[in-house]
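Everything below concerns the one structure shown next.
In this text, all values refer to a predicted model and were calculated from it rather than measured experimentally. Nothing fancy with the numbering, it's 1 onward along the sequence.
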Amino acid sequence: MAEREKVAHLLRRATFGPTADEVDRAERAGYQATVEQLLAPAGADQGAARTPAPKLGADPYQDLPKKPTREQRQRAQQARKEQVQQLTHWWVDRMVAADHQLAEKLVFFWHGHWATSVQKVKSAALMLAQQQTFRRDGRGDFGVLVRAMLRDGALIHWLDGQRNTRKAPNENLARELMELFTLGIGAYTEADVKAAARALTGWTVDRVDGTATFQQARHDGGAKTVLGRTGPLDADSLAEVILAQPAAKTFLPARLWFRFASGEPMPGPVRDRLSAAFAGHDVTALVRALLLDEQFTATGGQLVKQPVEWLVGAVRQLGADAAGDKQRKQLYQGLTRLDQVPFKPPSVGGWPSGTAWLNTFATQTRVQLAQALSAAASPAFLERLSAAPVAGRPEALARLLVVDAWTDRTRAVLADAGKDARKLTVLGLISPEYAVH
């Protein structure tokens, strides 16, 4: 594989959608240097600085009287909805603008991994606080992240942790902690779930300031046996027990492989290499090992872009104007129709993958979005595309959209539209080669 194809593959997976100029720089730097730049980018993230998190203010329900009228409740509900929409628009803007793309992509990964929905949490502030935890702890010691998430107000509310007391243990958080977040099915027993639920008792969510607080009177301080260890386990010691399990060394590597490399099962030798890299629970060491693994570079064409990846990548590559209220609303509605709105995963299992995104309705929606994106494409993008001879414009488009090559069938379709740069762009964005990367 040529160096440009290798770095293009790397950047398609490790970012939301590389521009042609970013691929040019990576080709000059080389593959390994590009990996290190992605993991430890130099300088401040100027793009992120230009898109600061919104100041959401207090939960609108806090100001309601003890016996609110129907109209007062409706106004509070609408105000909550507007806060969530503001937060969602901000994050999509930041995905586009961020210079440190891998850091942003990892936040998106963690959002799908610890899948928490604002539709139940009903607090934009809690969702923002959770995301800040991903940004702070998501690239270091996984144990630190696990312990932080067991104190996360949004996750606790999402999985009914505030209802988990010594008198009435609730198993939801304990079960998903082991099944979906750290170990996987088959690595624990029902007895482990029951005991782990007791270890997690006592945590409640303060809806005023969004923090999780520990109430000793609600906690079961007795001895519990989880995964073979007995003691007066609490949230921190439970996390320690879980992360000491052999399954913990392979579960997260498999999840990262699934989202960044391939929907196919991770080969045994790759599993062994990544597990060894993750022996110290260092997420950055694990991601480095994944991106540098020889099998990673052989996974081209094995992932379907998630709608967020497709849309954000297109905005970045076209330099499309997505900053206005009208454009934001259009993109938000598009993600809604494609069933992937940030902060609203469908379940604790996160979003689907692969061919689930390739249905007729999704294709129709992508056509509409591609038309809007093409209309908003930057003059620089259109000039670079139009500068190529008409016969060479399909190849020029492939370079700008970071597609390695078109099939003969797609090239023939693109060739017929070569004289119209905007129509050509629409066809490129809805092509199979752009959807599968």
- Report, as yes or no, whether the 6.0 Å neighbourhood of atom NZ on K329 holds more than 12 heavy atoms from other residues, nucleotides or ligands. no
Tell me which donor-acceptor pairs under 3.5 Å the side chains of residues 345-358 have, and how far apart each pair is, sequence neighbours excluded?
unit_1 : atom_1 : unit_2 : atom_2 : d
S347   : OG     : G349   : N      : 3.1
W357   : NE1    : P352   : O      : 3.3

- With sequence neighbours excluded, tell me which residues meet side-chain hydrogen bond (donor to acceptor under 3.5 Å, both in side chains) with R259. none
- Which class fits the ring pair F108 and H111: parallel under 30°, tilted 30 to 60°, perpendicular over 60°? tilted
- Task: Give every residue pair that meets the side-chain hydrogen bond (donor to acceptor under 3.5 Å, both in side chains) criterion with at least one member in residues 373-389, sequence neighbours excluded.
- Result: D21-R384
- Task: Assess the pair F296 and W257: is the distance between their ring centroids shorter than 6.0 Å?
- Result: no
- Closest non-hydrogen atom pair, L56 against Q86: CD2-OE1, 3.9 Å
- Task: Please step through side-chain contact (heavy atoms from CB on, under 4.5 Å) for the pair F258 and M266, ending with a clear verdict.
- Result: CA-CA 8 Å; F258 181 72; M266 184 167 56; over 6 Å; no
- Task: For T297, check side chain to side chain contact (heavy atoms under 4.5 Å, CB included) against everything at least two apart and list the hits.
- Result: K6, Y31
- Non-neighbouring partners of K81 that pass salt bridge (Lys or Arg N to Asp or Glu O under 4.0 Å), sequence neighbours left out: none
- Query: Which residues pass the side-chain hydrogen bond (donor to acceptor under 3.5 Å, both in side chains) test with Q306, sequence neighbours left out?
  - Reply: Q340
Would you tabulate the side-chain donor-acceptor contacts of residues 195-203 under 3.5 Å, counting partners in other chains and residues two or more places apart, or write 'none'?
unit_1 : atom_1 : unit_2 : atom_2 : d
R198   : NE     : D220   : OD2    : 2.7
R198   : NH1    : A223   : O      : 3.4
R198   : NH2    : D220   : OD1    : 3.4
R198   : NH2    : D220   : OD2    : 3.3
R198   : NH2    : A223   : O      : 3.1
T201   : OG1    : R198   : O      : 2.7
T201   : OG1    : H219   : ND1    : 3.1
T201   : OG1    : D220   : N      : 2.8

- Item | Residues forming a side-chain hydrogen bond (donor to acceptor under 3.5 Å, both in side chains) with N172, sequence neighbours excluded | D160
- How would you list all residue pairs meeting side-chain hydrogen bond (donor to acceptor under 3.5 Å, both in side chains) that involve residues 40-53, not counting sequence neighbours? none
- Applying side chain to side chain contact (heavy atoms under 4.5 Å, CB included) to A320 and not counting sequence neighbours gives V315, L318, L373, A376
- Item | R151 bridged to D236 by N-O distance under 4.0 Å | yes
- Which atom of R12 lies closest to which atom of V402, heavy atoms considered: NH1-O, 2.9 Å
- Message: List the residues meeting side chain to side chain contact (heavy atoms under 4.5 Å, CB included) with Q330, not counting sequence neighbours, and say none if there are none.
- Response: A372
- Query: Sequence neighbours excluded, which residues qualify as side-chain hydrogen bond (donor to acceptor under 3.5 Å, both in side chains) partners of D293?
  - Reply: R273
